[in-house]
Structure formats: C-alpha cells, structure tokens
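Working notes for the structure below.
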There are 2 protein chains.
Amino acid sequence: MDKDILTLENQLCFAVYSASHAFTRAYKPLLADLGLTYPQYLVMLVLWERRSATVGEIGAALSLDSGTLSPLLKRLETAGLVRRERSREDERQVTVHLTAEGAAARSKAEKVMAGIAERVGCSLDEMVALRENLNSLRKHLEG
Amino acid sequence: MDKDILTLENQLCFAVYSASHAFTRAYKPLLADLGLTYPQYLVMLVLWERRSATVGEIGAALSLDSGTLSPLLKRLETAGLVRRERSREDERQVTVHLTAEGAAARSKAEKVMAGIAERVGCSLDEMVALRENLNSLRKHLEG
DNA sequence: CATAATTATATTGCGCGCAATATAGTTTCG
DNA sequence: CGAAACTATATTGCGCGCAATATAATTATG
C-alpha cells in the first residue's frame, strides 16, 4: 500500500522517538533523587567507568557536541559532582574529573536504578536483542 | 555481574536514546527540503491523516503537551502550512486545519521520504518487529 | 442560578541538541 | 622561524520537551 508510507503508526522512527521520551519520563523521578537530568546521568555513567575524561571523549561516547556538553558540565560542576581543568600537555583540552561526591553518587545511583529492569516488561534476553537491533539501526543511519 | 547494572553499553535506554537522535539527524536534511523539523513533521503526519485536529488530539497522538505544541503550531501557521481557529462549540478548544499548501506538502514529503526505508539496513519484517517491540516497551514504561 | 471544580490552551522558565561561529592552542610546511 | 591549516572547547541562537502556572470557557453542585 503506497499511501501507508507516511502513516504514523507505520513509522519506525516515531516508535523510537516515543520510546525514548517514555524512558526519559520513567527515569525522571528516579534521577531527581540524585539531582540529575537524564543527559547528566549519561555523562556520569561515562565518568563512573573512566574516573576522568576530556570533553571530546565524553562527546564521542554519547554523540553529543560541545554546544550541549559545555553548559551541562558547568551545571555538574556547580552541583559539586565533577571538576573541570585544562590539561597541561594540551591546553585546548578540558579534562573532567569526578569529585569525591561524584564518585560516591554511583552507589546511590545503583540503589535507585536497581528496579528499573522490571519496568520494561521483557526478559533480559529480549532486552539484549532489542538493544542490539537498535545499535545496528543507529549504525546504519549514521553510515 | 553486579557492577554491569550501570555500564553504559548495557543500557537499553541509551540505545533507544541514541537511535532516536540518529533518526532525527538522518531525517534532518530531507525535512529541510520541506522546511520542517522532525517534531513539526510528526504534527503534519497527524494532520495528513485527519485533515484537522484539536491541539489536544495532536498532543494525545504524539504524547506532547501544549507547552511544546502551542509554539510549534504557531510556527507551522507562520509557515503557511496550517490554520488555527477556536472552535465555536467549545471555545476552549483550538482546531488546527491544513491549508492548501499544507495538504500539498504531503506528496512532496512522500517523494522526499521514499528512500528512507533502505537507510535503516533491515528488512520490512524486521522493521515491523522492532517497531512492535518498541511500542510494547513504551507501554510498559508508561503503565 | 451562583459558585466551585474541571477542562483546553497558552505562557514562562529551564535544560537539552545542534548548527554556526568564535577563540585559543597546536601542528604542518615552506 | 612564521604563516596557514587544523583541533578542542566555548558561545550564541533557535526549536523542542516538560513542569509549573495562568487564563478563559465549560460543567457540576449546592
């Protein structure tokens, strides 16, 4: 059916779009306990893995540019979770470090996020399969 | 592994989040030919199906509230694609109508969007399955 | 029938997301 | 070495997305 090309419910992109917003809405009250927005939480996930990272490394990990990250990182710094400093080897780069408070927030996040897996309503295997399908989709869209 | 709970690559929500942004980025140059942003395109999809709809109906279809839709619809009106008018039966409601130009934009959109299905790199059956999984996920997150 | 409760939309404010531009530091190359 | 090309981050501006609030119209209730 040719006219179905533009029919809303057939649009895969809308399914991704609305699922993404549903995730953000579901996470919001949990993250509010940590004083984090969802994008800020993503940045903290990167730092909890690496302890520190440059702005560019965070941007590469999350596909976000400095226009998004610069003000976001300032807010995390104001909140006391990270510290930013120009690296001495290459003064163009800014390295973002976890503070003690930022590092400590991880165990709090683990407690808060512990129950989220049950909210998605599918098995762990289904979650993994869905994640892989989405990552494959993203790579094709980018390629 | 307990520490994997917060590991970025295991996060289904990040896969959804980044796939959504990848979709928006892929659509952007195509929609630019129509003078539309992605959320504006979603509103046009609703109107191309119904010819006219109230602000509330559009919001229900897209899970968007008046804080998002009111200014967006004003921009569509300024662009000449829609016309907004208070309904006479219930003056609280605003009905959004397609203009002739807005209705005509549909065939242009069909041409511009025709090739997008190949960009996602999977079969139509896989697209349908992925869409259904995402819709199921969204419902669980909302419920 | 008056008033309270509800409903539909609009406005304000803030945090993304990203394009375009600016600034400053580094590398390359004649 | 010195100018040009390049790189990393910051800033500005605009359009969402959404919470909180405001306004005006409708419905419910005493």
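A note on names: the letters A, B, ... follow the listed sequences, proteins ahead of strands, and every chain is numbered from 1. Just so you know, these numbers come straight off a predicted model, no measurement behind them.
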Can you list the residues that meet the side chain to side chain contact (heavy atoms under 4.5 Å, CB included) rule with [X], with sequence neighbours excluded?
X       : answer
D90(B)  : S87(B), R92(B), Q93(B)
I116(B) : Y27(B), L30(B), R119(B)
R86(B)  : V94(B)

### Distance flag, aromatic centroids of Y38(B) and F23(B), threshold under 6.0 Å
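No, the ring centres sit 6.0 Å or more apart.
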### Query
Under 4.0 Å between a side-chain N/O of R84(B) and OP1 or OP2 of dA8(C), yes or no?
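Looking at the OP1 and OP2 atoms of dA8(C), neither is under 4.0 Å from any side-chain N or O of R84(B).
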Atom [atom1] of [X] to atom [atom2] of [N]: distance rounded to whole Å?
X      : N       : atom1 : atom2 : value
E77(A) : dA10(D) : CD    : C1'   : 14 Å
Q93(A) : dT26(C) : CD    : P     : 10 Å
K74(A) : dT9(D)  : NZ    : C1'   : 11 Å
E85(B) : dA8(C)  : CD    : C1'   : 16 Å

For residues 69-80 of chain A, tabulate all N or O donor-acceptor pairs below 3.5 Å that involve a side-chain atom, not counting sequence neighbours.
from: S70(A); atom 1: OG; to: S66(A); atom 2: O; distance (Å): 3.2
from: E77(A); atom 1: OE1; to: R84(A); atom 2: NE; distance (Å): 3.1
from: E77(A); atom 1: OE1; to: R84(A); atom 2: NH2; distance (Å): 3.4
from: E77(A); atom 1: OE2; to: R84(A); atom 2: N; distance (Å): 3.0
from: T78(A); atom 1: OG1; to: K74(A); atom 2: O; distance (Å): 2.9

#### Entry: Any pair counted as salt bridge (Lys or Arg N to Asp or Glu O under 4.0 Å), so long as it reaches residues 134-143 of chain B, sequence neighbours left out
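Listed once each, the pairs are R138(B)-E142(B).
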## Note on the structure
Whether each nucleotide of nucleotides 15-28 of chain D has a protein heavy atom under 4.0 Å at its base (B), only at its sugar-phosphate (S) or at neither (-) is summarised, 5' to 3', as SSBBB-----BS--
